[in-house]
Number of protein chains: 2
Amino acid sequence: MNNGDVPDIVIHRLPLYLRALDQMAENGQLVTSSQELGQRLAISSAQIRKDLSHFGEFGKQGTGYDIEFLRAQLRRILQVDESWSMALVGAGALGHALVNYGGFRQRNFHIDAVFDNDATKIGTMMEQLRVEDQRYIPERVRELEIYIGVIAAPASVAQAVADMLVQGGVRAILCYAPITLSLPEDIAVEYIDPLLALQSMTYYIHKRQLIIDN
Amino acid sequence: MNNGDVPDIVIHRLPLYLRALDQMAENGQLVTSSQELGQRLAISSAQIRKDLSHFGEFGKQGTGYDIEFLRAQLRRILQVDESWSMALVGAGALGHALVNYGGFRQRNFHIDAVFDNDATKIGTMMEQLRVEDQRYIPERVRELEIYIGVIAAPASVAQAVADMLVQGGVRAILCYAPITLSLPEDIAVEYIDPLLALQSMTYYIHKRQLIIDN
DNA sequence: TAGATTGTTAATCGATTAACAATC
DNA sequence: TAGATTGTTAATCGATTAACAATC
């Protein structure tokens with residue numbers, strides 16, 4: 001991933017900027033500055049200006065950024081003004097939660113197919129969607145022209161599932177399984193794992209207690 | 001966060017190492033090398049050795065690392081051999097999914113209290129737990145000696161909830177609300193937001209299509 | 001005009017990697 | 001002994017920040 005000239009780490013901050021701008025807009029705010037945005041996100045104003053400068057000049061000296069305009073630019077850059085179709089693999093508890101999660105729809109992401117390998121789940125309905133047999137992932141994903149896969153299946157099958165998604169033409173995978181996937185380098189992957197987050201925080205809790213004890 | 005001398009980014013890789021080692025151990029493997037581990041995680045072997053060297057010498061020249069020994073060391077460093085108690089705020093769909101998630105328990109993390117501000121939810125049961133009124137977070141968290149808070153409440157109340165958790169003595173917060181929290185700097189925070197992950201991946205999908213089109 | 005804030009350059013800071021002596 | 005792999009140093013690479021001319 002990342003053949004281009006904009007660093008990954010910059011790309012990963014853009015959605016953060018967009019989110020803050022969305023919230024400002026909701027509050028009726030019209031204009032902001034790199035300083036205000038930075039304060040809100042705990043990021044330096046210089047970094048925000050630098051990040052944005054990779055894509056163009058969106059501000060005005062002396063006044064800052066027009067919020068509506070910058071939002072539109074960021075949505076265009078991230079391509080989140082279009083609607084995106086997603087294929088979900090895994091019809092368990094997590095899968096259900098994801099299908100029912102309104103936040104995706106609200107931001108133009110839609111789950112349009114659900115797969116599982118459990119015979120007792122295949123054929124059942126999840127919201128409007130019939131759970132399909134996992135083995136048909138490649139052909140169905142291609143048929144539906146889906147470019148984003150979401151893996152909510154156990155780690156043991158995650159790699160196989162990922163391979164099938166890629167076979168179907170998926171370009172990006174959001175993986176909830178606790179495993180590092182091995183994929184062609186032109187496929188984008190992101191991982192969601194609350195346990196990793198918890199396990200790094202406990203390191204810091206421990207450290208603070210040590211300091212107190214001394 | 002991070003008064004110590006080990007960089008944050010190193011701490012965040014340790015749980016990844018531990019996870020891979022756990023999986024190797026499950027498969028009956030006894031020994032590994034920085035090279036094998038790196039290949040599996042898409043991290044350079046030099047980086048793994050460097051990261052570990054912040055904490056001690058855990059390997060043997062010529063043979064590599066004893067998996068059981070290294071796991072024990074990492075669990076000790078991260079303090080994940082102890083059991084951790086957590087307070088969950090938000091008894092909605094996400095809150096239910098989190099309470100029912102077996103992965104936490106399996107790794108020594110337990111949800112021991114649930115709070116909400118919705119009168120129709122307060123008093124109802126979630127698994128073994130009675131949903132309590134959000135306003136009692138500070139006193140109850142202190143009473144139960146809970147050091148980790150999990151926010152599964154809407155963004156609109158997330159900051160207020162975080163403040164109450166900190167008042168109760170929480171040292172770390174796992175935040176599912178789409179907002180950057182403003183907290184004392186000795187409080188560890190991690191965010192889980194699948195939308196941010198999706199919105200950065202769509203940038204890359206777009207880029208690849210451009211390349212193909214040319 | 002005076003004040004504010006941008007976009008950008010150069011300097012600083014920090015993280016990653018290559019290489020290798022040590023040694024199992 | 002020969003082969004493998006560690007822990008560590010120094011070099012490289014990349015990201016962040018400070019500073020400021022440009023200009024609204």
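Worth saying up front: this structure is predicted, and the values here are computed from it rather than measured. To find a chain, count down the sequence lines: A is the first, B the second, and so on, and within it residues start at 1.
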Quiz item: Rounded to the nearest 0.5 Å, what separation is found between the CD atom of B/Q29 and the CD atom of B/E68?
Solution: 11.5 Å
Let me check something: any side-chain donor-acceptor pairs from residues 89-106 of chain B under 3.5 Å, sequence neighbours excluded? List them with distances.
from   : atom 1 : to     : atom 2 : distance (Å)
B/H96  : ND1    : B/A91  : O      : 3.3
B/H96  : ND1    : B/G92  : O      : 3.0
B/N100 : ND2    : B/H96  : O      : 2.9
B/R105 : NH2    : B/V99  : O      : 3.3
B/R105 : NH2    : B/Y101 : O      : 3.4

Quiz item: Between B/L70 (CG) and D/dT5 (C1'), how many Å, whole number?
Solution: 14 Å
Self-check item: Below 4.0 Å: OP1/OP2 of D/dA4 and any side-chain N or O of B/Y65
Solution: no
Quiz item: Salt bridge or not for A/R142 and A/E139, using N-O below 4.0 Å?
Solution: no
Result block: side-chain N/O donor-acceptor pairs under 3.5 angstrom for residues 176-184 of chain B, not counting sequence neighbours:
none

Quiz item: How close do B/P15 and A/L196 get, heavy atom to heavy atom, and via which atoms?
Solution: CB-CD2, 3.6 Å
Exercise. Report yes if at least one side-chain N or O of A/R49 is closer than 4.0 Å to OP1 or OP2 of C/dT6; otherwise report no.
Key: yes
Practice problem: State, without any angle test, whether A/Q167 and A/D163 hold a side-chain donor-acceptor pair at a distance under 3.5 Å. | Solution: no
Exercise. Taking only Lys NZ, Arg NE, NH1 and NH2, and the carboxylate oxygens of Asp or Glu, determine whether B/R71 and B/D22 approach each other closer than 4.0 Å.
Key: yes
Exercise. Determine the minimum heavy-atom distance between A/Q199 and B/L78, stating which atoms define it.
Key: O-CD2, 3.3 Å
Quiz item: Could you state the interatomic distance from OG (A/S33) to CD (A/Q39), rounded to the nearest 0.5 Å?
Solution: 8.5 Å
Self-check item: Close approaches to DNA chain D from residues 21-46 of chain B, in residue order (heavy atom, under 4.0 Å)
Solution: B/S33, B/S34
Tabulated below should be each protein N or O lying under 3.5 Å from an N or O of nucleotides 10-15 of chain D; please produce it.
none

Quiz item: Whole Å only: how far is the CZ atom of A/F55 from the P atom of C/dT6?
Solution: 17 Å
Quiz item: Got a minute to check which stems DNA chain C is part of, using Watson-Crick or G-U wobble pairs under 3.5 Å, three or more consecutive?
Solution: C:3-24 with D:3-24
Quiz prompt | Gap between atoms CD1 and P, on B/I48 and D/dT8 respectively (whole Å) | solution = 16 Å
Self-check item: Nearest atoms (heavy-atom pairs only) where B/T63 meets B/V31
Solution: O-CG1, 3.5 Å
Quiz prompt | Nearest-angstrom distance from the residue atom OH of B/Y17 to P of D/dT6 | solution = 12 Å
Quiz item: Tell me: CG of B/L52 to C1' of D/dT5, nearest whole Å?
Solution: 13 Å
Self-check item: Considering all heavy atoms, the nearest A/R13-A/D51 contact
Solution: NE-OD2, 2.6 Å
Quiz item: Hey, what's the ring geometry for A/W84 with A/Y147, parallel, tilted or perpendicular (30° and 60° as the breaks)?
Solution: perpendicular
Quiz item: Can you check the B/H54 NE2 to D/dT6 C1' distance for me, whole Å?
Solution: 16 Å
Quiz item: About how many Å separate CG of B/L174 and CD1 of B/I151, when rounded to the nearest 0.5 Å?
Solution: 9.0 Å
Practice problem: Can you label the angle between the A/F55 ring and the B/Y203 ring as parallel, tilted or perpendicular, going by 30° and 60°? | Solution: perpendicular
Could you go over nucleotides 21-24 of chain C and give all protein N or O partners under 3.5 Å, atom names and distances?
from   : atom 1 : to    : atom 2 : distance (Å)
C/dT23 : O4'    : B/Q61 : NE2    : 3.3
C/dC24 : O4'    : B/Q61 : O      : 3.3
C/dC24 : O2     : B/Q61 : O      : 3.3

Self-check item: Value in whole Å for how far the C1' atom of D/dT9 lies from CD of B/E57
Solution: 14 Å
Quiz item: Rounded to the nearest Å, what distance is computed from the CZ atom of residue A/F69 to the P atom of nucleotide C/dT6?
Solution: 14 Å
